[in-house]
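Chain identifiers are assigned alphabetically (A, B, ...) following the order of the sequence lines, protein sequences preceding nucleic acid strands; residue numbering begins at 1 within each chain. Reckoned from all heavy atoms, side chains included, excluding hydrogens, waters and symmetry mates.
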Number of protein chains: 2
Amino acid sequence: MGRWEPDARGRLERAALELFVERGYEQATVTEIARRAGLAQRTFFRHFADKREVLFAGARTQQEYLVSAVARAPEAATPIDAVDAALEAAAAELQERGEYARQRQAVIAANQELHERELIKLAALAAAIAGALRRRGVTDPAASLAAEAGIAVYKISFERWVSEPGPPDLPGLIRESFGELREVTAGTA
Amino acid sequence: MGRWEPDARGRLERAALELFVERGYEQATVTEIARRAGLAQRTFFRHFADKREVLFAGARTQQEYLVSAVARAPEAATPIDAVDAALEAAAAELQERGEYARQRQAVIAANQELHERELIKLAALAAAIAGALRRRGVTDPAASLAAEAGIAVYKISFERWVSEPGPPDLPGLIRESFGELREVTAGTA
DNA sequence: CTATATGATGGCAGCGACTGACATCAGGTA
DNA sequence: TACCTGATGTCAGTCGCTGCCATCATATAG
C-alpha cells in the first residue's frame, strides 16, 4: 500500500463519526480521529477548518440542492410553496440515508457546540433560499420571511422525525407543518 | 482600595466590550480582558463559561421577560398575537439601550463564533416561548411553530433595525413583519 | 530513463482557550 | 480571638488550532 490511501477526507469523516458515537464528541480528540484514519493531526486541519466541521461536510451540497430546487419550482408557485416543495424534495433525499442521519443527529443533540454549528448552517441555508427567491422576483422582506419560516418548519419537522419511534415520512411531516403554520399565522389582528 | 472592588462581573463585561470594539473579538485575549478589569484570567472563567458568554449575560433576563410577557397576554389572544405582543414589548425595552445594542451587534456581526452563540440563544428563546404558549393551553406543534415564526420575525426585524441609518422604532418593524409573514404564508395550496 | 515540478502529508514549535488543584485573603460570626 | 465562608490568585496541564519547513508520491518534461 502506498503512502497515500485514497479518500483521506472520507476516512476522516467516518473515523470521526465512529469515535463520536463510541465515546462522545468532547472525549474524542482530533489526534485520535486522525490516527484512526491513518493520518496526522495536522492533516485533519487541512481538510476541515475545525473539529466540528467534520460533521457538516454535506451542508454545501444540501444548500446547492435546495437552491436549485427553489429555482426550478413552477413559475406560478407562491414563495412559500416554492420553499415547501424544495424542502420536501431535500427531505426525501435525506430520508434515504436515514440511519446515518439519525446517528449523526444523536451526536449533535448531545453537544452544545455542535448544536450551534448546526444552527448557523441552517441560517446560511435560509439566506441561500432567500437569495433564490429574490432571483424569482420575490422582494424583501417577503423573501427572507418565507425562507426563515421554511427553515423553522424544517427544524420542527426534523426534530419530530428523529424523535418518533416509527419511521414516518419526513416530506409528509414538512407538508403538514406548513399547513399548521398557515393556520397559526392566519390569526386575528 | 480593598482587594475586592465591587461588581467584578460587570467590570469584566465592560472591559470585554471595550476591547472587542477596539481591536476585534479574536485579537483580544481573555487574559487582557481580565487585566483591564483588574482581575486574573482564572477569575474570568469563574464568571463566564467561555470567552463568548461575556457578551450574552443579558440573555437570561431577556428570556424571563419574554416568557412573562407571553403569559400575561389577554386570554383571548391567538398564539401568534401573544408572541407578537411579547416581542414588541421586549423590543421597546431593548430600544432604550439602543447605543449599547448597536455596538454589541456590530461586534457579533463581525465574528462567526459570536454569531453561532447568538443563534443558539435565540433558539433557547424560541423554546422558552413555546413553553409559555403551552402553559396557555396551546398544543404542539402550533406552540413551537408560533414561537419559531416569532423568532424569525424578530431576527429579520432586528437586522433591518441595526442596518438602517435613521432610528426607526423596532416594535413597529416587528409589527409590520408579522403582517408580512401572514401575507406570505396565506398563499395558495 | 532521469530530472523536475506539484500536491499531499508529517513533524514540530507555539499560542490561546479552558480546567483542576491548591493557596490566599477579606469579611462575617462564634 | 479563632474560625468559617466565599471570592480571588497562581500554576501546571490538556486540547484545539496555526505557521513553518521537511518529506514523499505522482506526473510531466526533457
**Asked** Quick one: hydrophobic cluster around A:Tyr100, which other residues, with the 4.5 Å side-chain cut-off, linked directly or via members?
**Response**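 Result for A:Tyr100 is A:Leu12, A:Leu17, A:Leu19, A:Phe20, A:Val21, A:Tyr25, A:Val30, A:Ile33, A:Leu39, A:Phe44, A:Phe45, A:Phe48, A:Val54, A:Leu55, A:Phe56, A:Val107, A:Ile108, A:Leu114.
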
**Message:** Please enumerate all residues that pass side-chain contact (heavy atoms from CB on, under 4.5 Å) together with A:Arg135, with sequence neighbours excluded.
**Reply:**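 For A:Arg135, the residues satisfying side-chain contact (heavy atoms from CB on, under 4.5 Å) (neighbours in sequence not counted) are A:Val67, A:Ala132.
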
**Message:** Regarding B:Ala34, tell me which of base, sugar-phosphate or nothing describes its non-hydrogen contacts under 4.0 Å with the strands shown.
**Reply:**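 Counting heavy atoms under 4.0 Å across all strands, no contact is made by B:Ala34.
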
Could you state the atom-to-atom distance from [atom1] of [X] to [atom2] of [N] in whole Å?
X: B:Leu114; N: C:dA17; atom1: CG; atom2: P; result: 12 Å
X: B:Glu32; N: C:dC18; atom1: CD; atom2: P; result: 15 Å
X: B:Gln27; N: D:dT18; atom1: CD; atom2: P; result: 13 Å
X: A:Glu113; N: D:dC15; atom1: CD; atom2: P; result: 14 Å
X: A:Ile33; N: D:dG16; atom1: CD1; atom2: C1'; result: 11 Å

**Prompt:** Which atoms form the tightest heavy-atom contact between B:Ile174 and B:Ala91, and what is the distance?
**Reply:**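 B:Ile174 and B:Ala91 have their closest heavy atoms at CD1-CB, 3.6 Å.
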
**Message:** I need the full list of salt bridge (charged side-chain N to carboxylate O under 4.0 Å, His left out) pairs touching residues 91-107 of chain B, with sequence neighbours left out, sorted by first then second residue.
**Reply:**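 For residues 91-107 of chain B: none.
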
**Request:** Would you list the pairs meeting ring pair (Phe, Tyr, Trp, His ring centres under 6.0 Å) in which at least one residue belongs to residues 62-93 of chain A, sequence neighbours left out?
**Result:**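 Qualifying pairs, neighbours excluded: none.
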
**Message:** Suppose the criterion is ring pair (Phe, Tyr, Trp, His ring centres under 6.0 Å): which pairs have a residue in residues 116-163 of chain A, not counting sequence neighbours?
**Reply:**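 As it turns out, the ring pair (Phe, Tyr, Trp, His ring centres under 6.0 Å) pairs with a partner in residues 116-163 of chain A, which skip direct neighbours, are A:Tyr154-A:Phe158, A:Phe158-A:Trp161.
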
**Message:** Near DNA chain C, counting only heavy atoms under 4.0 Å, which residues of residues 39-59 of chain B show up?
**Reply:**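 Contacting residues: B:Gln41, B:Arg42, B:Phe45, B:Arg46, B:Ala49, B:Asp50, B:Lys51.
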
